Protein chains: 2
Amino acid sequence: MLALTATPDYGRDAATNVYPMPGRPHRDAPIEADPFSAAMPSVYAPREDLFLEGDDATHMCEVIEGVICAYRLLPDGHRHVVSFYFPGDLIGYCCSGCQSFSAQALTRVRVRRIPRSAISQMIETRPGFARRLLELASGELMMTREHLLCLAAKSAEARLAAFLLALSRRNADAGTDPKQVFLPMTRLDIGDYLGLTIETVSRTLSKFKRSGIIALPRTTSVLIRDEAALCDIAQS
Amino acid sequence: MLALTATPDYGRDAATNVYPMPGRPHRDAPIEADPFSAAMPSVYAPREDLFLEGDDATHMCEVIEGVICAYRLLPDGHRHVVSFYFPGDLIGYCCSGCQSFSAQALTRVRVRRIPRSAISQMIETRPGFARRLLELASGELMMTREHLLCLAAKSAEARLAAFLLALSRRNADAGTDPKQVFLPMTRLDIGDYLGLTIETVSRTLSKFKRSGIIALPRTTSVLIRDEAALCDIAQS
DNA sequence: CGGCAACTTGAAGGAAATCAACGTTAGTGG
DNA sequence: CCACTAACGTTGATTTCCTTCAAGTTGCCG
């Protein structure tokens, strides 16, 4: 594939990109590395960084509790949000030696850290483990492609609708109410994720609200009133 | 990560995404599956499909010669170009059982097909092989993220500039002239890849030409006259 | 040479960004 | 508990960039 790096090397990159809702039961069997649950610090306060782009990737993280925002700062000063990670998601299982993005806690976050050396060893000794990592990477690639497609072709309304539906679906997977979506991220986070400005995010949500498609009981939560309409809009 | 599928299931997805230039020497050691080079048809004419989205993914492909365009057709009738694949690139090494996009030859194409069963077997028996696949997936994820970032934040000019530079860099990697970029794809292919219309692609190339940054000796090739300017524009 | 597909160019329209206020919420300290 | 403040969110007016629509033009293949 074509590496669309502007300058020869401003953008090294690669890692993970998952995204479930708090309390997700994650039907995938827990990654089989429990013996390694390490002694590294594992609780973070809101807006605290877990690591920065370029840091040595010495560990993988499994999100236990809370929501994490993965982002990159661009040379022009803009910020791009790569992904949001929820409980059950894994960060940093890919191969490159250093982090390809920064990670910030959006809420209080607890993670379990798994040393990379342990990962390497398990790849060597357990073929099933390697296969599982490959599936994870594959799934992440799939979702990144979906996101790409969304940004390449869709209107602001379609992007927001798809975003809300994705969060709703995550709730459903986690067994919580899919109509009641919690937004731990700010409008800026959402905008930087969807390639929109905060004004457009806000305006579009207001528009959905006026149409009766959603309600906004608080700024940090959305009630989906008409899922079908949201699906239609998300189609493009 | 958040799956931005509009409706619960319109977009299953996942596979690969590579992109070198014809004749690329690919410094990565050839994937170690030569014993399996199979007896399946391996030459395709321009605009012939290698496979369609949803087909059983029974084989991986290594591009030997020519350029392949990976694309998806959207429910609204639009087309999204996922990636371009060049000699040395691998397609379909990810885990899902079916193709997540269609693949079409842009030029005369030769591929080597490797049965998935052989891949599976090698994952079980050779840890190094699994690690290598993981690296491939990781690299592909990295490049998809770069592309995503490009579409999320950049202007038409920046996207085109980044695209041309990426092709140029590929030439450099392949040992051919990085100033002389061959465009085997049409303006429509480029537009569908960069999330732009053919008119915008054409206009933007014309503008670069008027500024003296590039020359267009034919519609299918670009001469880069001022790489530094192109880099500046690509920055955003 | 003719015909068709790809490409280019121009003019008009629209969607989102930008610029600018204003409202709301939450957190702090009196 | 309340007042103050700062960050976050909303809304409106204007501008910009890209799309859309509509002709041309080029270039390739019969």
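Side-chain atoms are counted along with the backbone in the values below, which use heavy atoms only and exclude waters and symmetry mates. Since this is a predicted model, take the numbers as computed values, not measurements. First the proteins, then the strands, lettered A, B, ... as listed; each starts at 1.
When rounded to the nearest whole Å, the span between CG of A:L188 and P of D:dT10 equals 13 Å. The distance between atom CZ of B:R187 and atom P of C:dA6, rounded to the nearest whole Å, is 12 Å. Separating the CD1 atom of B:I198 from the P atom of C:dT9 is a distance of 13 Å, rounded to the nearest angstrom. The CG atom of B:L194 sits 16 Å away from the C1' atom of D:dC17 (whole-angstrom rounding). When the C1' atom of C:dA6 is taken as reference, atom CG of B:L216 falls 14 Å away, rounded to whole Å. Atom CG in B:L205 sits roughly 10 Å away from atom P in C:dT9 (whole-Å rounding). Computed from coordinates, the A:R218 CZ to D:dC8 C1' distance equals 15 Å when rounded to whole Å. Whole-Å rounding puts the A:L106 CG to D:dA7 C1' distance at 16 Å.
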Task: Per-nucleotide protein contact string for nucleotides 14-24 of chain C (B base, S sugar-phosphate only, - none; heavy atom under 4.0 Å) - done: --SSBBB----
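Checking each of B:L196, B:T197, B:V201 against B:E199 for a side chain to side chain contact (heavy atoms under 4.5 Å, CB included) leaves exactly one that passes, namely B:T197. Considering A:D189, A:D192, A:D49 as possible partners of A:Y71, the one that fulfils the side-chain hydrogen bond (donor to acceptor under 3.5 Å, both in side chains) test is A:D49.
For the salt bridge (charged side-chain N to carboxylate O under 4.0 Å, His left out) test, no residue two or more places apart in sequence or in another chain qualifies with A:K209.
Aromatic pair B:Y193/B:H147: ring centres closer than 6.0 Å.
Using a 4.0 Å heavy-atom cutoff across all strands shown, A:S202 reaches at least one base atom of the nucleic acid.
Picking from C:dC7, C:dT9, D:dT10 the nucleotide with the shortest atom distance to the side chain of B:T219 gives C:dC7.
In plain terms, the two heavy atoms of B:L205 and B:L160 that are nearest each other are CD2-CD1, 3.9 Å.
Counting non-hydrogen atoms of neighbouring residues, nucleotides and ligands closer than 6.0 angstrom, the CZ atom of B:R225 reaches no more than 12 such neighbours.
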